[in-house]
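Throughout, a chain's letter reflects where its sequence line sits, starting with A, and its residues are numbered from 1. For the numbers below, each heavy atom of this structure counts, side chains included, while hydrogens, waters and symmetry mates do not.
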Protein chains: 2
Amino acid sequence: MVVYAGQGDARRTMALLWGAEERKEARPGPKPGLSVEVIVAAGIEVADAEGMAALSMRAVGERLGRTAMALYTYVPSKTELVDLMYDRAMGELPTSYPLDEGWRSAAVAWAHDLREFFVRHPWVLQVSQARPVLGPNEFAMIDTVTGILRGTGLEPERLRGVVAALVDVVRGAARTVAETRQAPSATGVSDEEWWRARSALLLEVAPDFAERFPSVSWLERGDAGPALEPDVPYLEQVARRTFATSLGTLLDGVTAR
Amino acid sequence: MVVYAGQGDARRTMALLWGAEERKEARPGPKPGLSVEVIVAAGIEVADAEGMAALSMRAVGERLGRTAMALYTYVPSKTELVDLMYDRAMGELPTSYPLDEGWRSAAVAWAHDLREFFVRHPWVLQVSQARPVLGPNEFAMIDTVTGILRGTGLEPERLRGVVAALVDVVRGAARTVAETRQAPSATGVSDEEWWRARSALLLEVAPDFAERFPSVSWLERGDAGPALEPDVPYLEQVARRTFATSLGTLLDGVTAR
DNA sequence: TGGTTATCCTTAGGGTGTAAAGAGATCTTG
DNA sequence: CAAGATCTCTTTACACCCTAAGGATAACCA
């Protein structure tokens with residue numbers, strides 16, 4: 001039997017992604033105890049709680065009181081499950097932003113929502129997108145930001161570039177925060193301790209750091225910056241401010257055209 | 001025995017990354033048949049040729065005519081190996097760009113070099129940076145771009161944001177190209193065929209696409225664009241132009257300050 | 001009631017990273 | 001020169017991973 005790999009699969013994945021109506025006519029066989037919905041939800045729970053590395057078919061099955069193999073009745077493979085989780089999670093994102101105060105503030109709000117989404121579900125950043133997922137909620141996300149930016153009057157070609165840049169910057173900022181948040185629990189070392197140890201090691205191993213990387217050193221020297229809020233971890237504040245200027249610069253560039 | 005996890009490891013990793021001089025005094029035991037260098041090089045070869053997913057200790061060992069376990073004499077674990085590969089590969093990047101024609105053209109050249117680097121070594125984009133690698137070549141990369149951008153006169157805080165945004169945009173652009181390139185060999189379906197099949201599926205599964213995602217549709221409609229070069233794959237040309245406008249917009253934003 | 005079909009389980013096979021223990025090579029020391 | 005120490009590399013083993021195959025059971029239809 002010839003398997004049209006990636007063809008039959010693609011069709012089924014698309015059907016699952018776009019919520020092909022499952023026929024509810026009575027059929028022989030035991031009543032399904034699970035559904036794609038609950039499996040995807042359980043997968044998201046596992047990934048949220050324990051990270052992408054801990055996402056195994058066994059773990060998801062266990063959370064539902066089944067074996068790993070039981071999932072294969074509903075979902076063709078683990079990668080398909082991850083694709084479904086990816087798109088389903090994106091359904092959390094708002095899809096409309098008021099444009100009363102202009103496109104810029106809407107874009108900023110959108111960017112912050114997306115960033116928080118990625119921070120909430122850091123595993124989403126690790127979904128390998130060799131061949132994009134093409135699910136409805138990702139399209140909705142792109143549609144939302146595109147809609148906001150149409151207010152700029154940019155032509156499609158340029159707008160496409162701006163959208164890409166925006167998503168990239170948001171992803172990058174979220175990645176930084178996610179890493180920072182995961183580091184303490186992953187290593188059992190607090191941010192500050194970890195950083196102190198690292199910088200000590202750095203000095204030890206590269207005593208000529210300042211001459212060797214003059215510009216990086218200059219950057220760090222000028223790092224005093226404005227008042228710190230005492231409750232928020234240091235690195236996270238840096239990340240937040242970095243994101244603000246990244247985003248601001250990019251939007252300035254949009255304005256400039 | 002208490003293992004100071006992530007502490008003792010960190011010290012060793014840093015030593016390996018920064019090329020701690022290996023003592024060459026004669027020591028008992030068989031002559032080493034391998035070295036960290038050749039192992040890292042073999043790892044890069046495997047990852048370049050077959051992708052990150054195919055990078056296993058067994059595969060690297062085999063390429064060197066050894067077993068997987070032989071590597072553990074030189075390298076503490078697979079993640080450390082990947083970190084070493086990451087930084088070693090970054091050593092390919094140029095570290096100086098002429099500033100005769102101003103910071104902007106230097107920045108553009110830098111960005112294109114970095115993009116090509118990522119496309120050449122797509123696995124680099126998948127190196128999980130929960131705790132950053134902190135190797136010399138990554139610092140050099142950051143130092144290079146920071147040095148270029150000091151020509152803008154921006155203060156450190158802003159400059160940090162711009163650097164982050166630049167790296168993010170380049171990463172994003174490279175990711176797109178890498179995916180596009182991998183898709184045909186991964187699925188055995190050519191770009192065009194794949195895309196045709198997908199859009200057919202999309203229409204089938206979401207016949208209301210145009211009304212449901214009006215802005216995305218608008219974007220695609222305006223996609224005619226300037227003349228296509230016949231030899232370069234279509235999707236890659238789109239990616240290239242998207243990158244150009246992403247980058248351009250961002251740099252416009254820098255100029256605007 | 002028997003046949004058909006669907007859910008779910010157990011088993012099994014081929015992967016993965018790496019701990020542990022041993023074989024053999026090469027040095028230093030007595 | 002022999003003995004001991006130390007290092008490289010191999011074999012074996014374990015725990016985990018995804019998933020193919022086959023069988024037990026449940027629910028429907030004829």
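Nearest to the side-chain atoms of B/Y72 among the listed nucleotides C/dT18, D/dC9, C/dC8 stands C/dT18. Ranking D/dT8, C/dC9, C/dT18 by closeness to the B/T73 side chain, first place goes to D/dT8. Distances were taken from every side-chain heavy atom of A/R66 (C-beta onward) to each of C/dT11, C/dC8, D/dT12; the shortest belongs to C/dC8.
With sequence neighbours left out, the salt bridge (Lys or Arg N to Asp or Glu O under 4.0 Å) criterion links B/R240 to no other residue. With sequence neighbours excluded, no residue forms a salt bridge (Lys or Arg N to Asp or Glu O under 4.0 Å) with B/R115. For A/R120, the salt bridge (Lys or Arg N to Asp or Glu O under 4.0 Å) test picks out A/E92, with sequence neighbours left out. Under the rule for a side-chain hydrogen bond (donor to acceptor under 3.5 Å, both in side chains), the partners of A/D87 that lie at least two apart in sequence or sit in another chain are A/N137.
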Donor-acceptor pairs are to be reported for all side-chain atoms of residues 169-177 of chain B against protein atoms at under 3.5 Å, with residues two or more places apart or in another chain.
unit_1 : atom_1 : unit_2 : atom_2 : d
B/R171 : NH2    : B/L125 : O      : 3.1
B/R175 : NH1    : A/Q129 : OE1    : 2.8
B/R175 : NH2    : A/Q129 : OE1    : 3.3
B/T176 : OG1    : B/G172 : O      : 3.1

Tabulate below the donor-acceptor pairs under 3.5 Å that side-chain atoms of residues 201-213 of chain A make, not counting sequence neighbours, or state none.
unit_1 : atom_1 : unit_2 : atom_2 : d
A/E204 : OE1    : B/R11  : NH2    : 2.9
A/E204 : OE2    : B/R11  : NH2    : 2.7

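The side chain of A/Y74 contributes no N or O atom lying less than 4.0 Å from OP1 or OP2 of C/dA6. For the OP1/OP2 pair of D/dC28 and a distance below 4.0 Å, the side-chain nitrogens and oxygens of A/R27 include no atom meeting the criterion. A close approach under 4.0 Å does not occur between any side-chain nitrogen or oxygen of B/T67 and OP1 or OP2 of D/dC9.
Taking a 4.0 Å limit (strictly below) on heavy-atom distances, residues 47-65 of chain A does not reach DNA chain C anywhere.
Note: CG (B/L71) to P (C/dT18) measures 11 Å, nearest angstrom. Taking atom NZ of A/K78 as the reference point, atom C1' of D/dA20 lies 18 Å away to the nearest angstrom.
The CZ atom of B/F117 sits 5.0 Å away from the CG atom of B/L93 when rounded to the nearest 0.5 Å.
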Just the table, please: protein N/O against nucleotides 21-25 of chain C N/O, every pair under 3.5 Å.
none

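Screening residues 40-65 of chain A for side-chain hydrogen bond (donor to acceptor under 3.5 Å, both in side chains) gives A/E45-A/R63, A/D48-A/H121, A/D48-A/W123 as the qualifying pairs, with residues at least two apart or on separate chains.
Within 4.0 Å (heavy atoms only), B/A70 reaches at least one base atom of the nucleic acid.
A/F139 and A/W18 have tilted rings, their planes meeting at an angle from 30° to 60° on a 0 to 90° scale.
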